[in-house]
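First comes the structure, then the notes that go with it.
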Amino acid sequence: MNSKVYETAGTGGMAFYLCGPTASGKSALALEMADKLDGEIVNADAFQLYRGLEILSAAPSSAELASWPHHLYGVLKPTVAADAQLYVNLAKPVIAEIQSRGKTPVITGGSGLYLKFLTHGAAPLPTADAVLRAEMDARPLDDLVAQLRQLDPVEASRTALQNRRFVSRALEICLLSGEKASDLRDGWEAKTAEISSQLRGVVIQRSRPVLHARIAQRTRAMLDGGALEEVAALADVSTNCEKAIGFREIRALAAGEIDRATCEDLINAATRQYAKRQETWFRREKWLTEVQL
RNA sequence: GGCCCGAUAGCUCAGUCGGUAGAGCAGUGGAUUGAAAAUUCACGUGUCGGCGGUUCAAAUCCGUCUCGGGCCA
């Protein structure tokens, strides 16, 4: 059934990437692949990194974690605001250490940006600055766009100017570095193709009806399996964790603003939309071998 | 049985004075190198419940039937 996956994986040694949309069955396949490749599983999911979000993030169960070496699951406190570079800083040494023992890292997850940073490296850009971001968040978008146009017309011309996040980040780079974001980014982009040719991995695909059914099943299991208690226990969380799908919905349920069925529907819809975005992302990663399950 | 209200996109609904219909949500496709489970862009033909009638022209007016919901018996 997974002969194409095995073929892509080869005989082990190199890191193997196992990607796919949420609820596609990555975790189960990871266990299988780790066994096959004499490997160890490394998390590449932005939310499974956190402790206390196990149910919402559909992290592997404690039984699964105990059954085989897993790395980078539940390693961050919910108050920490992670980002792609922080993830790479955590993952690189873990992967190297696994390889030094002659094992194969099976890097498993669906966070496209985190995976991209890990596989292709980071552009030489300044790190996010919380204070500057807060300042920019308080300004009108038009104002940010005008300043970006002035500081870096090239970047402004190729940025989606309706997207506040993208405009802010481009501007942030210019302001923190004193250089043009476009110049800093160009150097990095030129090198990505060569890197891709040396990577090895698969992206799991499932038909939409199947994926949607799996999502619905999982949402129900989450809500029945302690997600409400988990959210209730998360008193102090970073703004990262607040964005976990299900967090707001379950808060609303607990507050009596919506009923259980509505909560379930909302979580399902948000999860389906997320899965679609993941598919769009991975479709562009041509180095991944598509595997239909 | 009588009366009233409703029936329009997958869902919830809008539709002015008659000129063959459009919002939100859902869905689909895209963008996306330090917030990414984030953020953002694009995409709207559907027996206007059925049948008849009036009219140059009906989602819209009239009749009737069907199915909901309600009130009175």
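Here is the naming used below: chain letters follow the sequence lines, and residue numbers restart at 1 for every chain.
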- [ ] Check if the side chain of K276(A) and the base of G29(B) share a donor-acceptor pair of N or O atoms closer than 3.5 Å.
- [x] yes
Open item on the list: Can you see if the side chain of Q273(A) gets near the phosphate of G27(B) - specifically, an N or O under 4.0 Å from OP1 or OP2?
Closed with: yes
- [ ] Look at the side-chain heavy atoms of Ile, Leu, Val, Met, Phe, Trp and Tyr, link any pair under 4.5 Å apart, and say whether L72(A) and I55(A) land in one connected group.
- [x] no
Task: Pair partner, U45(B) [Watson-Crick or wobble, under 3.5 Å] - done: none
Open item on the list: Less than 4.0 angstrom between a side-chain N/O of R248(A) and OP1 or OP2 of A38(B), yes or no?
Closed with: no
Open item on the list: Taking any heavy-atom pair under 4.0 Å as a contact, classify A123(A): base, sugar-phosphate, or nothing.
Closed with: base
Open item on the list: If you compare every side-chain N and O of N240(A) against the phosphate oxygens of A37(B) (OP1, OP2), does one of them come in below 4.0 Å?
Closed with: no
Task: Length of the line joining F282(A):CZ and A31(B):P, which is rounded to integer Å - done: 14 Å
TODO: For the pair Y87(A) and Y114(A), name the ring-plane relationship: parallel under 30°, tilted 30 to 60°, perpendicular over 60°.
DONE: parallel
Task: Syn/anti state for G34(B) [syn: chi within 90° of 0] - done: syn
Task: Pairwise P distance, G69(B) and G63(B) [rounded to whole Å] - done: 24 Å
Open item on the list: Using the side-chain hydrogen bond (donor to acceptor under 3.5 Å, both in side chains) criterion, which residues pair with R164(A)? Sequence neighbours excluded.
Closed with: none
Open item on the list: Check this one for me: any side-chain N or O of R133(A) less than 4.0 Å away from OP1 or OP2 of A35(B)?
Closed with: yes
Task: Base-pairing mate for G63(B) - Watson-Crick or G-U, with both contacts under 3.5 Å - done: C51(B)
Open item on the list: Other residues, nucleotides and ligands only: do more than 12 of their heavy atoms fall within 6.0 Å of CZ on R248(A)?
Closed with: no
- [ ] Tell me what D137(A) touches on the nucleic acid: a base, only sugar-phosphate, or nothing, going by heavy atoms under 4.0 Å.
- [x] base
TODO: Looking at every strand, decide which applies to S57(A) at a 4.0 Å heavy-atom threshold: base, sugar-phosphate, or nothing.
DONE: base
TODO: Find the partner of A37(B): check Watson-Crick (N1-N3 plus N6-O4 or O6-N4) and G-U wobble (N1-O2, O6-N3) distances, both under 3.5 Å, and reply none if neither fits.
DONE: none
Task: S157(A) (side chain) donor-acceptor with V154(A) (main chain) under 3.5 angstrom - done: yes
Task: Base-pairing mate for A23(B) - Watson-Crick or G-U, with both contacts under 3.5 Å - done: U12(B)
TODO: Ignoring backbone atoms, test whether R272(A) places a side-chain nitrogen or oxygen under 4.0 Å from the OP1 or OP2 oxygen of A26(B).
DONE: no
Open item on the list: If you assign P126(A) and Q162(A) each to the RNA chain B nucleotide with the nearest heavy atom, which residue ends up on the more 5' nucleotide?
Closed with: P126(A)
Task: H212(A), nearest nucleotide to its side chain (from G34(B), U28(B), A26(B)) - done: U28(B)
Open item on the list: What residues from residues 163-182 of chain A pass a heavy-atom cutoff of under 4.0 Å to RNA chain B?
Closed with: N163(A), R165(A), F166(A), R169(A)
- [ ] Might you confirm whether atom CZ of R208(A) has over 12 heavy atoms from other residues, nucleotides or ligands at distances under 6.0 Å?
- [x] yes
- [ ] Check every strand shown and say whether G246(A) touches a base, only sugar-phosphate, or nothing at a heavy-atom separation below 4.0 Å.
- [x] nothing
- [ ] Pick base, sugar-phosphate or nothing for L56(A), based on heavy-atom distances below 4.0 Å to the nucleic acid.
- [x] base
Task: N/O (side chain, T280(A)) to phosphate O (OP1/OP2, G30(B)) under 4.0 Å - done: yes
TODO: For Y87(A), answer base if it contacts any base atom (sugar-phosphate contacts may also be present), sugar-phosphate if it contacts only those atoms, and nothing otherwise; contact means non-hydrogen atoms under 4.0 Å.
DONE: nothing
TODO: Please say whether more than 12 non-hydrogen atoms of neighbouring residues, nucleotides or ligands are located less than 6.0 Å from NZ in K116(A).
DONE: yes
TODO: Just call it for A122(A): base, sugar-phosphate, or nothing, with non-hydrogen atoms closer than 4.0 Å on any strand.
DONE: base
Open item on the list: Base, sugar-phosphate or nothing for A81(A)? Non-hydrogen atoms, less than 4.0 Å.
Closed with: nothing
- [ ] Answer with base, sugar-phosphate or nothing: what part of the nucleic acid does R277(A) contact at a heavy-atom distance below 4.0 Å?
- [x] base
Task: Nucleotide opposite G68(B) in a Watson-Crick or G-U pair, distances under 3.5 Å - done: C5(B)
Task: Test: R101(A) and E97(A) ion pair at under 4.0 Å - done: yes
